[in-house]
Amino acid sequence: MIRYKANLKEQILQSLMDRYPLKESQLHISYTPQAKMGDLALPFPLQLAKEMKRHPRELATEIVPLLSDLPRIDKIEVAGPGFINLFLNRRDFFLHQVDSLDKRTFQQEEKKIIIEHTNINPNKAAHVGHLRNAVLGDTLGRCLKYKEENVEIQNYIDDTGIQVVDVTFGFMDMEHKTLEDIQKIEGKFDYYCWDLYTRVFSYLEKHPDSQSRKSEILRKIEDGQQPEAEIAEHISRRILRAHLETMKRIDVSYDVLPCESSILGRKFWDKAFSLLKEKEAIYLVDEGLNKGCWVMRIEDDEEREKIIIRSDGTVTYVGKDIAYQLWKFGLLQKDFYYEPFIEDNGKTIWISTAEPNEPAPTFGDGTLVYNVIDTRQSYLQKIVVQGLKSLGYQSQAKKSIHYSYEMVALSPKSLDELGQKVSAEDKERDFVEVSGRKGLGVKADDLLDRLEQKAFLEVEKRNQELPSEQRRLIARQIATGALRYFMLKFARNSIIVFDFEEALNFEGETGPYLQYSLVRINSIFRKLKDRENFAEKDLKTLVLEQNIPIDTLPEQEQADFWELVFYASQFEEEIQHSVCSLEFSHLAKFAFNLCQKFNAYYHKYQVLAEKDQNTKSLRIWTIQYVREILKRVLSLMGIPQPARM
RNA sequence: GCGCCCGUAGCUCAGCUGGAUAGAGCGUCUGACUACGAAUCAGAAGGCCGUAGGUUCGAAUCCUGCCGGGCGUACCA
């Protein structure tokens, strides 16, 4: 559709440019609200009439004859206040769409695109909020790859931050454990730390004097002194493995894991610091509240300055992030070393190291960077970009994109269900923010377990003949599909108030609904093969061989065929649109609408039982086309495609 | 205080750079399984798109004020 519209645009401009002051930017091609009004709508006469001070309808009527030789168009009409509506030749258009299925629509635009997502502090189990981040980032990556882009997925590991210090403190000073004791802990280590972290937090509230011990731990971790450093490393690596396992459950993976410890070890910050000093982007404060700190001025705010280096000489998160962002664009003239961390479905995920290591692929050096981080960090992200600007990297600053989204919060009801105490204050609110410190939150693995369990029961009911191993697999696929669709269906600026009943639903606008639609289509083809020995062929070959005119169908069926096929043909526009706006709820809605249309068609028209060969073949074309589109859209959203369910 | 975001059906949400009669899902109520799988479909009820102005041939959409809610604004990340 994208290419078809582009062609159409060019032709319309060609036909009209001599006579009318029509600019390309004015020539949008949209869709009619109703099928009976035609297929494509041109609103430009309305605008043009204003400029030319003429009546829009009159102008539109005058233009119509000039468009008579547009390709694959049956009829042109003036409608409403002055729209020009195009009726496509259904057969030609369909053949053209089938023909373009295996052709490239998109071209690579960037040398390399880096997406940073997930970024969970390695001190506790992942929760639902992290799942939203990972699903958004992963989906963006899949779509960009579909658009022929070279994409690198990075998951930044803050392995030397305060959060890791807190848990280290918990193990050493509260539980008096040695590294060996910690290594012996069995079961889910990330869950263990989840609980420990909340205990640490309440302990610290009661014992403010522990701050000095925490500072000591932080320093020792940064300097590599034992046993603090090795304990912290054990904690963060072990939890990182747990996070990667969790993400694997929803088919999210990464190329490289840059660590904060390597940023320190490789002295990225020292380099960034001297650059910032040199350009006078930051300066030392010698009086007032921020005395002894290196700070950056905030744009549009004369009063405020953001601290980059604390008075004790340690660098804040933002400082390290500026260094990291510079590295992503290849502006630091320094690089990490790497080693393999884990194998994920035959692919190596690399982790950064500070010391030289075995040969590794090259990472970083992107031309466009997306940072998937929730909207609460907008301010910090703005400062990072400002850092790039003040170093003179204007174009990189523009290509440094904060992909922001709203948080996942909890309904008071779901808190109750988790058995967590709700304060009187929180009860009054519509939602409660997830809090790692208070241990308030739905753990990602718990949610996935519940989804899987529920899916397994449903699969068991319907597929008793399948071996249990396969039922397990299907249950996993359904759980993944349900979760990923749930995370994508909301617009990114919408706060998801998490509710178990809603998230565990498999009916209506859900992932399983989409999966079920595909299973139904596949099932028709399976039966065609079993019963009639129907040999599945490439759609294009099939259509060319059979060469059946569409207008032999009854009028109603022609209209129903067309509604489905025409809608399906818009899928690449939806991808484009979703990527431009970073709004994958568009893609999700598209998939859902497509399935709704398909299911309606499915109920109305039989394929297997149809006696008339031509009609039957046309129906096969239709569902095969829909299947192809649906498969692509599902895989872009990372929704698995079960064989049965 | 300042900055960003949100307010659409009983509930949860879509609605693209302004376009034709504001759409889904859940819930409620009617119907449809000797199967191409009912995790589905057909249908009904349900709306002053927070509010008041402005721009426009045209506004849920753009601008301004107000009301209500959220999040930022840390020598936490």
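By convention in this document, chain letters (A, B, ...) are assigned in the order of the sequence lines, proteins followed by strands, and residues within each chain are numbered from 1. Heavy-atom basis, side chains included; hydrogens, waters and symmetry copies ignored.
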> If every non-hydrogen atom of A:Asp612 is compared with every non-hydrogen atom of A:Thr615, which pair is closest and at what distance?
Replying inline: OD2-OG1, 2.6 Å

> A:Phe431 near the nucleic acid: base, sugar-phosphate alone, or nothing, with a heavy-atom cut-off under 4.0 Å?
Replying inline: sugar-phosphate

> Of the nucleotides B:rC75, B:rG19, B:rU40, which one has an atom closest to the side chain of A:Ile307?
Replying inline: B:rC75

> Tell me: CD of A:Gln377 to C1' of B:rA77, nearest whole Å?
Replying inline: 6 Å

> Does A:Lys413 pair with A:Glu417 as a salt bridge, N-O distance under 4.0 Å?
Replying inline: no

> A:Asp560 has an atom CG; how far is it from atom P of B:rA42, in whole Å?
Replying inline: 11 Å

>> Measure OH/A:Tyr156 against P/B:rA77 and give the value in whole Å, please.
In response: 10 Å

> A:Ser578 side chain N/O closer than 4.0 Å to the phosphate oxygens (OP1, OP2) of B:rC16?
Replying inline: no

> Which part of the nucleic acid does A:Leu528 contact within heavy-atom distance under 4.0 Å: base, sugar-phosphate only, or nothing?
Replying inline: nothing

>> Looking at B:rC4, which nucleotide sits across from it as a Watson-Crick or G-U wobble partner, both distances under 3.5 angstrom, or is there none?
In response: B:rG70

>> What contact category does A:Ile162 fall into here, base, sugar-phosphate, or nothing, at under 4.0 angstrom with non-hydrogen atoms?
In response: sugar-phosphate

> NA contact type, A:Ser494, heavy-atom cut-off 4.0 Å: base, sugar-phosphate, or nothing?
Replying inline: sugar-phosphate

>> I want to verify a distance call: between B:rA77, B:rG19, B:rU12, whose nearest atom is closest to the A:Leu46 side chain?
In response: B:rG19

> Which is true for A:Ala49 with a 4.0 Å heavy-atom rule: it touches a base, it touches only sugar-phosphate, or it touches nothing?
Replying inline: nothing

> B:rG27 C1' sits how many Å from A:Glu507 CD, rounded?
Replying inline: 13 Å

> Which part of the nucleic acid, if any, lies within contact of A:His28, taking any heavy atom under 4.0 Å across all strands shown: a base, the sugar-phosphate backbone alone, or nothing?
Replying inline: base

> So do A:Phe490 and A:Val408 actually touch side chain to side chain, heavy atoms under 4.5 Å?
Replying inline: no

> To the side chain of A:Ile478, which of B:rC13, B:rG19, B:rA39 is closest?
Replying inline: B:rA39

> Quick one: is A:Arg429 getting a side-chain N or O under 4.0 Å of the B:rC71 phosphate, OP1 or OP2?
Replying inline: yes

>> Checking base pairs now: Watson-Crick or wobble, both atom distances under 3.5 Å. What partners B:rA14?
In response: none

> Touch check for A:Gln34, heavy atoms < 4.0 angstrom, all strands: base, sugar-phosphate only, or nothing?
Replying inline: base

>> From CD of A:Gln596 over to C1' of B:rC26, roughly how many Å is that when rounded to an integer?
In response: 13 Å

> Ignoring hydrogens and angles, does a donor from either the side chain of A:Asn593 or the base of B:rA14 sit under 3.5 Å from an acceptor on the other?
Replying inline: no

> Under 4.0 angstrom, heavy atoms only, what part of the nucleic acid is A:Ile495 near: base, sugar-phosphate, or nothing?
Replying inline: sugar-phosphate

>> When the P atoms of B:rC13 and B:rA9 are compared, how many Å lie between them, rounded to an integer?
In response: 11 Å

> Is B:rC33 in the syn range, within 90° of 0, or in the anti range?
Replying inline: syn

> Looking at A:Arg219 and A:Glu216, does any basic side-chain N land under 4.0 Å from a carboxylate oxygen?
Replying inline: no

>> Is any side-chain heavy atom of A:Pro640 closer than 4.5 Å to one of A:Gln515?
In response: yes

>> Taking 4.0 Å as the cut-off, does a side-chain nitrogen or oxygen of A:Arg462 come that near to OP1 or OP2 on B:rA39?
In response: yes

>> Mind checking if A:Phe506 touches a base, just sugar-phosphate, or nothing, with heavy atoms under 4.0 Å?
In response: base

>> So A:Asn463, base contact, sugar-phosphate only, or nothing? Heavy-atom distance under 4.0 Å.
In response: base

> Is A:Val459 touching bases, backbone alone, or none of the nucleic acid, heavy atoms closer than 4.0 Å?
Replying inline: base

>> By the 4.0 Å heavy-atom rule, please label A:Met645 as base, sugar-phosphate, or nothing.
In response: base

>> I want to confirm an ordering. Mapping A:Arg437 and A:Glu433 to their closest nucleotides on RNA chain B, which one lands closer to the 5' end?
In response: A:Glu433

> B:rA20 and B:rG1: how far apart are their P atoms, nearest whole angstrom?
Replying inline: 39 Å

> If we take the C1' atom in both B:rG69 and B:rC16, what is their distance in whole Å?
Replying inline: 26 Å

>> Check this for me: does the side-chain of A:Thr375 come within 3.5 Å of the base of B:rC5 through a donor and an acceptor?
In response: no

> Among A:Arg526, A:Lys529, A:Arg627, which one satisfies salt bridge (charged side-chain N to carboxylate O under 4.0 Å, His left out) with A:Glu536?
Replying inline: A:Arg627

>> Among B:rG15, B:rU12, B:rC71, which nucleotide has an atom closest to any side-chain atom of A:Phe490?
In response: B:rU12

>> Using heavy-atom distances to pick each residue's nearest nucleotide on RNA chain B, tell me which of A:Asn121 and A:Tyr379 is more 5'.
In response: A:Tyr379

> Any N or O donor-acceptor pair linking the side chain of A:His577 to the base of B:rC16 at under 3.5 Å?
Replying inline: yes

> For atom C1', what is the distance between B:rA60 and B:rG50, given to the nearest Å?
Replying inline: 12 Å

>> Could you tell me how far B:rA24 sits from B:rG15 if I compare only their P atoms? Round to whole Å.
In response: 15 Å

> Checking all strands, does A:Asp374 fall into the base, sugar-phosphate, or nothing category for heavy-atom contacts under 4.0 angstrom?
Replying inline: nothing

>> If stacking means aromatic ring centre less than 5.5 angstrom from the base's six-membered ring centre, planes under 30°, is A:Phe83 stacked on B:rA20?
In response: yes

>> Would you measure the distance from the C1' atom in B:rC48 across to the matching atom in B:rU8 and give it in whole Å?
In response: 12 Å

> For B:rA35, does OP1 or OP2 lie under 4.0 Å from any side-chain N or O of A:Gln606?
Replying inline: no

> Which whole-number value in Å describes the distance from A:Tyr405 OH to B:rC6 C1'?
Replying inline: 18 Å

>> I need the CE-P distance between A:Met37 and B:rG19, as an integer number of Å.
In response: 15 Å

> Under 4.0 Å between a Lys/Arg side-chain N and an Asp/Glu carboxylate O for A:Arg644 and A:Glu465?
Replying inline: yes

>> Rounding to an integer number of Å, can you tell me how far A:Ile496 CD1 sits from B:rU12 P?
In response: 14 Å

> Under 4.0 Å: is that the gap between some side-chain N or O of A:Arg492 and OP1 or OP2 of B:rC5?
Replying inline: no

>> Within the 4.0 Å heavy-atom criterion, would you say A:Ala491 contacts the bases, only the backbone, or no part of the nucleic acid?
In response: sugar-phosphate

>> With a 3.5 Å limit on both atom pairs, tell me what B:rC62 is paired to, counting Watson-Crick and G-U wobble, or say none.
In response: B:rG54

> Within a strict 4.5 Å, meaning less than it, do heavy atoms of the A:Leu86 and A:Asp39 side chains meet?
Replying inline: no

> Under a 3.5 Å cut-off for both distances, is B:rA39 Watson-Crick or wobble paired, and to whom?
Replying inline: none

>> What I want to find out is whether A:Glu574 reaches A:Lys589 closely enough, with some N-O distance under 4.0 Å, to be called a salt bridge.
In response: no

>> Can you confirm whether A:Met407 sits close enough to A:Phe431 that some side-chain heavy atom of one is under 4.5 Å from a side-chain heavy atom of the other?
In response: yes

>> Under a 3.5 Å cut-off for both contacts, is B:rG47 paired Watson-Crick or G-U wobble with anything, and if yes, with which nucleotide?
In response: none

> Considering only side-chain heavy atoms of A:Asp158, which listed nucleotide, B:rA77, B:rA24, B:rU40, is closest?
Replying inline: B:rA77

> Can you tell me how far C1' in B:rA52 sits from the matching atom in B:rG43, rounded to whole Å?
Replying inline: 40 Å

>> Could you tell me how far B:rC63 sits from B:rG18 if I compare only their C1' atoms? Round to whole Å.
In response: 13 Å

